[in-house]
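Beneath this line is the structure, given in structure tokens, with notes to follow.
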Amino acid sequence: MTLHATAPAPAVEPAAAAPAVRFNAVHKSFGTLEVLKGISFAVGRGEVVCLIGRSGSGKSTALRCINGLERITTGSIDVCGHVVSPDGRADLHAVRKRVGIVFQSYNLFPHLTVEQNITLAPRRVKKTAPAEARAIAADVLAKVGLSDKRDSYPEQLSGGQQQRVAIARALAMQPEVMLFDEVTSALDPELTGEVLKVMEDLARGGMTMVLVTHEMAFASRVADKIIFMHQGRVHEAGPRDMLSRPETPELRQFVGTGL
Amino acid sequence: MTFSLANLVYLLQGTLWTVALALLSFVGGGVLGLAVALMRVSRFGALRFAAGTWIQVIQGIPLPVLIFLSYFGLGVTGFDVPALAAAALSIAVNSSAFLGDIWRGCIQAVAKTQWEAADSLALNGFQRMVDVVLPQAIRLAIPATIGFSVQIIKNTSYAVVIGFIELTQSGKIINNALYEPFLIFTIVGLVYFALCSPLSNASRRLEARLRARGA
Amino acid sequence: MNYQFDFSFLWDPDNSYWRDILHGTWLTVELTLLAIVLGFTLGAACAIGSTSRMPALRRAIAVYVEVIRNTPLLVQTFWLFFGLASIGFKFSAFTAAVIALTVNIAAYTSEIIRSGIESVRKGQIEAAESLGLSRMQLLFDVVLPPAIERVLPSLSGQFVLMMLATSIMAQISTEELMAAASRIQSETFRGFEIYIVVAVVYLALTVALRFAFALLAWAAFPRRRRLGTPV
Ligand SMILES: Nc1ncnc2c1ncn2[C@@H]1O[C@H](COP(=O)(O)OP(=O)(O)O)[C@@H](O)[C@H]1O
Ligand SMILES: [Mg+2]
């Protein structure tokens with residue numbers, strides 16, 4: 001690398017090249033129960049990474065460590081140029097402004113309308129002006145196909161619609177990375193499709209995504225990388241066609257049972 | 001003058017009157033309250049209406065006003081009314097509205113299937129209530145009833161408005177002589193706390209146990 | 001017994017006792033509103049404090065709540081009014097009454113609001129944290145609104161009880177409705193009549209206060225206004 005007299009701000013270029021998220025030997029214990037036993041992987045910018053594995057293998061925990069909902073025990077996670085470490089919570093706010101998350105149980109705020117759910121964080125956290133926040137809301141609602149539900153309350157929506165609002169709410173913060181934790185698991189099969197469609201559109205649009213999912217067909221179609229977790233470790237990782245030629249007996253069994 | 005053993009004995013006497021008044025009121029309020037609760041779930045609209053009105057009206061009148069009403073109201077009969085009687089009557093009336101409401105809730109909380117089961121066994125209305133519903137409602141009612149007994153103990157302090165010498169009034173009398181308000185009312189407060197706190201805790205524990213079993 | 005009810009003293013041209021009753025009623029209303037506003041504020045603060053990460057603060061609030069809930073308002077009032085006066089803090093009876101009522105109602109309010117806060121699901125809080133909301137924003141935008149909406153019936157019931165309890169403040173010679181009644185009684189000897197009138201006034205106040213709370217809920221909670229369902 002050559003040194004220019006007017007060097008660009010050093011953080012910019014390496015950060016753009018660096019992965020959006022990188023786990024560096026992350027351990028996480030709940031009391032004496034070690035749930036993550038040193039996991040390392042990277043998520044490049046614009047990549048879609050699917051975490052799969054048996055229930056209890058630590059997928060949700062790994063995801064929740066990225067934005068500090070769980071505190072890691074040792075190791076570190078690089079997130080969009082910031083560091084999540086076991087002690088330092090200093091970067092957490094910066095990380096959360098850049099990372100959106102969607103949960104299995106939607107977690108919409110029941111006392112607020114769809115629009116208010118979406119504009120709350122831009123207005124409070126980014127101090128966006130109300131009119132501009134409403135414009136953002138209209139934009140993200142159009143993306144998830146719910147423009148007509150702007151003034152509804154969550155309880156007036158179906159599960160699939162609530163989940164799409166939850167995605168819109170996260171998108172309104174214009175995140176660099178989106179996390180999804182089994183977002184279709186609580187939905188009836190006929191409602192699952194509409195949510196997966198929104199996620200697929202997002203992926204095609206270049207969003208960096210880390211998702212925990214049991215939708216193997218979806219993973220095989222959309223993922224750039226699949227990570228199979230087993231007993232708190234990354235057991236097998238590979239490209240999207242990895243599921244059709246599993247290498248370890250554990251993954252073979254997991255794929256075989258379908259779950 | 002300083003606080004003496006005699007003062008303490010005087011306070012203890014007041015405490016006994018407080019306990020006596022609370023017990024009288026609780027028994028009276030319980031009997032009246034059961035009647036109110038049963039009327040409230042009766043199949044006769046007039047009874048339900050009467051009990052509902054009773055609850056609304058009594059819960060909208062301050063206890064001190066009820067005490068004065070009993071005191072002067074009984075007085076118009078020409079008898080010299082003992083303060084204890086006027087106070088116990090008013091607190092019982094007041095409690096009947098609250099206990100009646102609490103117990104109505106418990107009776108109605110007994111699962112509908114139990115009522116239907118009783119009906120299908122061809123029990124009559126009285127048997128259904130006494131043999132099937134009430135025994136189960138009582139179990140539900142115990143925590144809240146104990147909780148309300150704390151309220152009754154605290155309510156007895158309102159008897160001071162007609163000069164009944166219970167615990168609070170004895171504290172006030174001693175304070176008029178000694179003028180040691182912090183000391184005296186701290187002692188008085190501690191006695192109330194000693195009476196109420198075990199009941200509060202028991203109520204809370206039973207409530208938690210009931211909820212755990214229901215869940 | 002043939003008791004003759006006589007309410008004519010109310011319109012006695014020399015004394016116009018109805019004015020005294022009106023004046024006492026107004027002071028009761030003032031006392032009630034002041035204590036509700038101050039007590040709600042202090043109670044909400046205690047409820048928030050009891051969810052804090054500082055164990056000492058949580059314990060202090062728990063002790064305060066237990067002491068208040070297990071002793072009579074009247075004893076608390078005497079303790080404050082006579083006690084503070086004995087060490088040189090002199091308040092008017094009205095001020096002392098406001099303080100005593102506030103300290104008392106705040107303990108109950110704190111317990112009620114705390115139960116509302118505990119009813120807010122953990123997922124809501126995680127969602128708000130993940131969006132980058134600060135602890136204060138999370139509290140005021142996400143936790144308290146549904147918490148308070150849920151416990152509003154208990155709160156309004158408790159405030160009605162407190163309004164009725166202001167009647168005991170005549171014991172420290174606060175010039176509210178009961179004090180007026182007591183004075184009228186001693187001048188006219190129509191005890192039964194005057195307390196019937198007072199009972200009716202309190203009943204009317206109870207109805208008015210309940211109505212005011214229903215109105216407040218209607219104005220403050222648009223979701224309930226539109227859907228009519230519990231949050
Ligand atoms: N807050 C917690 N406290 C204690 N144990 C937990 C907690 N959260 C998760 N665990 C445990 O960690 C393990 C991994 O959980 P999780 O990450 O949710 O698995 P997955 O999402 O793969 O099903 C499980 O054994 C679970 O019981
Ligand atoms: Mg999970």
Side-chain angles (χ1 to χ4, degrees), chain A residues 60 63-64 66-70 89 91-114 116-127 151-157 162 165-175 177-181 186, chain C residues 44 47-48 51-54 112-156 213-214 216-231:
Chain A
S60 297
L63 204 68
R64 292 159 57 84
I66 297 175
N67 75 344
L69 284 178
E70 305 292 356
R89 305 212 111 194
D91 268 5
L92 208 52
H93 188 67
V95 166
R96 286 177 173 172
K97 280 209 301 205
R98 288 168 176 75
V99 175
I101 186 166
V102 184
F103 304 91
Q104 179 177 340
S105 49
Y106 333 133
N107 295 339
L108 294 180
F109 307 129
H111 60 296
L112 300 179
T113 64
V114 165
Q116 290 167 336
N117 261 279
I118 296 172
T119 55
L120 179 66
R123 292 184 57 186
R124 294 286 187 270
V125 180
K126 290 187 168 174
K127 312 292 178 205
D151 295 319
S152 301
Y153 283 95
E155 68 175 90
Q156 296 175 292
L157 304 180
Q162 290 193 47
V165 172
I167 294 174
R169 179 175 69 179
L171 288 178
M173 287 295 279
Q174 287 146 345
V177 179
M178 284 282 285
L179 312 176
F180 298 84
D181 190 0
Chain C
I48 293 165
T51 66
S52 98
R53 297 201 192 92
M54 284 179 283
I112 293 172
I113 295 181
R114 191 169 64 93
S115 75
I117 290 177
E118 282 168 1
S119 78
V120 174
R121 287 183 15 246
K122 190 158 155 268
Q124 309 267 323
I125 292 162
E126 291 186 343
E129 283 181 340
S130 301
L131 287 165
L133 266 63
S134 71
R135 210 174 135 68
M136 278 295 136
Q137 291 168 337
L138 190 155
L139 197 59
F140 284 96
D141 287 319
V142 174
V143 174
L144 284 183
I148 290 177
E149 187 175 340
R150 268 175 214 144
V151 298
L152 204 68
S154 316
L155 276 182
S156 90
F213 269 105
L216 195 68
W218 188 84
F221 301 112
R223 199 204 60 87
R224 167 178 304 210
R225 189 160 68 233
R226 254 184 49 207
L227 306 187
T229 53
V231 65

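Throughout, protein chains are lettered first and strands after them, A, B, ... in sequence-line order, and every chain is numbered starting at 1.
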When the 4.5 angstrom heavy-atom criterion is applied to A:Val95 and chain C, the contacting part is neither

Does any heavy atom of chain C fall under 4.5 Å from the side chain of A:Leu108, the backbone, both, or neither of them?
-> backbone

Apply side-chain contact (heavy atoms from CB on, under 4.5 Å) to C:Ala44 and list each qualifying residue two or more places apart in sequence or on a separate chain.
-> C:Ile113

With sequence neighbours excluded, residues passing side-chain contact (heavy atoms from CB on, under 4.5 Å) with C:Val151 | C:Ile112, C:Ser115, C:Leu155

Counting heavy-atom pairs under 4.5 Å to chain C, which of A:Pro110, A:Ala172, A:Pro175, A:Ala166 comes out on top?
-> A:Pro110

Proximity breakdown for C:Val231 and chain A, heavy-atom pairs closer than 4.5 Å | side chain

Please look at C:Leu131 and chain A and tell me whether the side chain, the backbone, both or neither of the residue comes under 4.5 angstrom of a heavy atom of that chain.
-> both

Which donor-acceptor pairs lie under 3.5 Å between chain C and chain A?
residue, atom, partner, partner atom, Å
C:Arg121, NH2, A:Asn107, OD1, 3.3
C:Gly123, O, A:Asn107, ND2, 3.2
C:Gln124, NE2, A:Leu108, O, 2.9
C:Glu126, OE1, A:Arg64, NH1, 2.8
C:Glu126, OE2, A:Arg64, NH1, 3.4
C:Glu126, OE2, A:Arg64, NH2, 2.6
C:Ser130, OG, A:Asn67, ND2, 3.1
C:Gly132, O, A:His93, ND1, 3.4
C:Gln137, NE2, A:Arg124, O, 3.1
C:Asp141, O, A:His111, NE2, 2.9
C:Asp141, OD1, A:Arg124, NE, 3.4
C:Asp141, OD1, A:Arg124, NH2, 3.1
C:Asp141, OD2, A:Arg124, NE, 2.6
C:Arg223, N, A:Tyr153, OH, 3.4
C:Arg223, NH1, A:Glu155, OE1, 2.4
C:Arg226, NH1, A:Asp151, O, 3.1
C:Arg226, NH2, A:Asp151, O, 2.7
C:Thr229, OG1, A:Glu155, OE1, 3.2
C:Thr229, OG1, A:Glu155, OE2, 3.0

Who pairs with A:Phe109 by ring pair (Phe, Tyr, Trp, His ring centres under 6.0 Å), at least two apart in sequence or on another chain?
-> none

